[in-house]
Amino acid sequence: MNKRERFENFLNNKPVDRVPVGFWHHYMGFDRMNRGFFEFDTFEENVIGHSKSKEVFDPDIVKIMTDSLMIMPIDCSKVEKVSDLYKIEPFALDSMYVQKSIELAQRVRDMYKEDVPIYMTGFTPLFPLRCALKPEPLNVMCRDESKFFKFLEEDPDAIKAALEILGKRIMEFHKLLVEKCGIDGIYLSVNNRLSAINDDLYLKMVAPLEKEVLDDANKYCTTLLHICGYAGQGNNLELFKDFDAKGINWSVQAENMTLGEGKKFFNGKPVFGGFAQKGILYTGTKEEIEAEVFRILEECGQVGTMLGADCTVPNDIDENRFEWVRQAAIKFANK
């Protein structure tokens with residue numbers, strides 16, 4: 001069974017010879033995470049990072065890391081009052097950001113044989129809007145979201161209008177990536193960590209737009225949903241229970257829900273993950289990692305399961321550890 005056949009069986013809840021394995025990490029610090037469309041050396045560093053990773057661990061699935069291109073460049077410099085959000089302008093499809101995103105996807109696609117599924121990291125409109133309204137919108141490290149939450153309190157409909165405008169452009173952007181780059185689909189990241197937005201408001205205002213982005217992508221590719229719990233900050237998974245992605249990932253640590261429990265919670269959909277970001281995978285011995293693989297698979301089973309992590313693993317991880325996981329999965333399947 002080759003990588004594509006194994007992955008297709010995973011997505012369709014069919015038996016596999018052994019479960020697929022997919023891990024990923026960033027290739028630079030967060031302080032440089034959005035400089036790739038005006039600092040080409042930073043962009044190249046990300047491409048080289050993908051290539052070097054492949055030399056150590058040839059993965060069962062590739063998730064293209066959008067390092068240096070993480071935040072969509074939405075100009076909110078003229079958004080001074082909440083009503084200005086009704087006429088917000090999205091990024092252009094011929095912008096340098098889009099051009100470099102296409103180049104990144106094409107170049108990573110060219111690194112791999114056709115039997116390796118490749119997914120591009122994608123976002124719903126909430127994340128780029130929250131970033132765009134920060135005092136330093138291109139700085140991933142900037143935590144000041146006071147303007148966004150002030151506007152949300154003043155006029156939720158204005159926030160919704162801006163999300164709708166951005167959502168339409170993001171749907172066009174995702175389709176362009178799939179059609180021009182030969183990738184298999186979109187790895188869509190969503191989150192409402194620590195219920196930053198009231199859950200009822202999230203379900204009413206945000207979730208329908210996120211599902212629209214997801215459903216649109218489902219028309220022309222396969223989608224994987226990443227519910228981004230990070231550094232112990234979890235989400236209310238009920239918010240995402242009826243999102244129609246082909247496979248689903250969440251933080252088993254932050255949300256305190258195992259893969260087996262999640263498979264039931266998400267009504268039998270294929271699930272992936274199982275490893276904490278900085279847990280056994282990062283610090284454990286080969287024997288400890290093998291034991292963890294056996295524990296996860298004994299609890300979750302091998303059908304509709306892919307081994308991975310809650311989110312990106314540390315940048316300095318020894319990527320040979322990913323092969324330890326794969327060899328343990330092979331050993332478990334042969335057991």
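Because only heavy atoms are used, hydrogens play no part in the values below, and waters and symmetry mates are left out as well, while side chains stay in.
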For Ile74 and Glu89 the tightest heavy-atom approach is CG2-O, 3.7 Å

Should Leu203 and Ile197 be counted in the same cluster of Ile, Leu, Val, Met, Phe, Trp and Tyr side chains packed under 4.5 Å apart?
yes

With no hydrogens and no angle check, is any side-chain donor or acceptor of Asn315 less than 3.5 Å from a backbone partner on Met28?
yes

Minimal heavy-atom distance between Met1 and Val16, with the atoms involved, is SD-CA, 4.1 Å

Evaluate Glu45 against Arg32 for side chain to side chain contact (heavy atoms under 4.5 Å, CB included), listing each step before the verdict.
CA-CA 11 Å; Glu45 183 178 335; Arg32 303 171 62 216; 2.7 Å; yes

Determine, for Phe37 and Lys100, whether the Lys NZ or Arg CZ falls below 6.0 Å from the six-membered ring centre while staying within 45 degrees of the axis.
no

Lys278 NZ: over 12 foreign heavy atoms closer than 6.0 Å
no

Sub-3.5 Å donor-acceptor pair from the side chain of Asn34 to the main-chain atoms of Asn139, do we have one?
no

Apply the side chain to side chain contact (heavy atoms under 4.5 Å, CB included) test between Glu210 and each candidate in Asp215, Asn192, Val190, Leu188; give the one that qualifies.
Val190

Indicate yes or no for a side-chain donor-acceptor contact from Lys147 to the backbone of Val79 under 3.5 Å, with no hydrogens or angles considered.
yes

Sorted by chain and number, sequence neighbours left out, ring-ring contact (aromatic ring centres under 6.0 Å, His included) with Phe91 holds for Tyr97, Phe173

Does Arg35 offer a backbone N or O that forms a donor-acceptor pair with the side chain of Glu39 under 3.5 Å?
no

Point-to-point distance, once rounded to the nearest 0.5 Å, from CD of Glu299 to CG of Leu297
9.5 Å

Between Val108 and Ile118, the two heavy atoms sitting closest are O-CD1, 4.1 Å

Asn12 and Lys246, any side-chain heavy atoms less than 4.5 Å apart
yes

Which is it for Cys181 and Arg109 under the side chain to side chain contact (heavy atoms under 4.5 Å, CB included) test, yes or no, and what are the steps along the way?
CA-CA 7 Å; Cys181 305; Arg109 168 76 273 180; 5.7 Å; no

Cation over ring, Lys241 on Phe265, under 6.0 Å and within 45°?
yes

May I ask you to decide if Glu212's main-chain N or O and Asp216's side chain share a donor-acceptor pair within less than 3.5 Å?
no

Between Arg130 and Glu145 (side chain of the first, backbone of the second, donor and acceptor by atom type, cut-off under 3.5 Å), is there such a pair?
no

Closest non-hydrogen atom pair, Glu255 against Gly234:
OE2-CA, 3.1 Å

Is there side-chain contact between Ile170 and Thr124, with heavy atoms separated by less than 4.5 Å?
no

Indicate, with yes or no, if Val56 and Phe275 share a hydrophobic cluster defined by side-chain heavy-atom contacts under 4.5 Å among Ile, Leu, Val, Met, Phe, Trp and Tyr.
no

Hydrophobic clustering (ILVMFWY, side-chain heavy atoms < 4.5 Å, transitive) - are Val206 and Leu194 grouped together?
no

From CA spacing to verdict: side chain to side chain contact (heavy atoms under 4.5 Å, CB included), Tyr112, Lys54:
CA-CA 9 Å; Tyr112 289 87; Lys54 181 180 182 298; 3.5 Å; yes

Side-chain heavy-atom pair Gln302, Phe332 within 4.5 angstrom cut-off
yes

With the 4.5 Å side-chain cut-off for hydrophobic clustering, are Leu138 and Leu126 part of the same group?
yes

Can you confirm whether Asn249 sits close enough to Val271 that some side-chain heavy atom of one is under 4.5 Å from a side-chain heavy atom of the other?
no

Sidechain-backbone polar pair: Asn235 side chain, Leu237 backbone, donor-acceptor under 3.5 Å
no

Short side-chain to backbone donor-acceptor contact, Lys263 and Cys300, under 3.5 Å
yes

Are the side chains of Asp318 and Arg321 in touch, meaning some heavy atoms are under 4.5 Å apart?
yes

Answer yes or no: is there a donor N or O on one side and an acceptor on the other, between the side chain of Asp115 and the main chain of Asn2, under 3.5 Å?
no

Looking at Gln106 and Lys180, would you say the former's side chain and the latter's main chain have a donor-acceptor pair under 3.5 Å?
yes

Do the two ring centres, one from Phe240 and one from Phe243, sit under 6.0 Å apart?
yes

Quick check: do Lys335 and Phe294 have side-chain heavy atoms less than 4.5 Å from each other?
yes

For residues Ile280 and Trp324: do they belong to one hydrophobic cluster (side chain heavy atoms under 4.5 Å, members Ile, Leu, Val, Met, Phe, Trp, Tyr)?
yes

Test item: Lys3 and Pro20 side chains (from C-beta on) under 4.5 Å apart, heavy atoms
no

Using a 4.5 Å cut-off between side-chain heavy atoms of Ile, Leu, Val, Met, Phe, Trp and Tyr, which other residues end up in the same hydrophobic cluster as Tyr119?
Phe7, Phe10, Leu11, Trp24, Tyr27, Ile61, Met65, Tyr187, Leu224, Phe272, Met306

Evaluate the criterion salt bridge (charged side-chain N to carboxylate O under 4.0 Å, His left out) for residue pair Lys175 and Glu172; output intermediate values, then yes/no.
CA-CA 5 Å; Lys175 187 174 183 181; Glu172 295 172 332; over 6 Å; no

For the atom pair CG (Asp84) and NZ (Lys87), what is the distance rounded to the nearest 0.5 Å?
4.0 Å

Close side-chain approach of His26 to Met70, heavy-atom, < 4.5 Å
yes

Would you call the rings of Tyr230 and Phe30 parallel, tilted or perpendicular, where under 30° means parallel and over 60° means perpendicular?
perpendicular

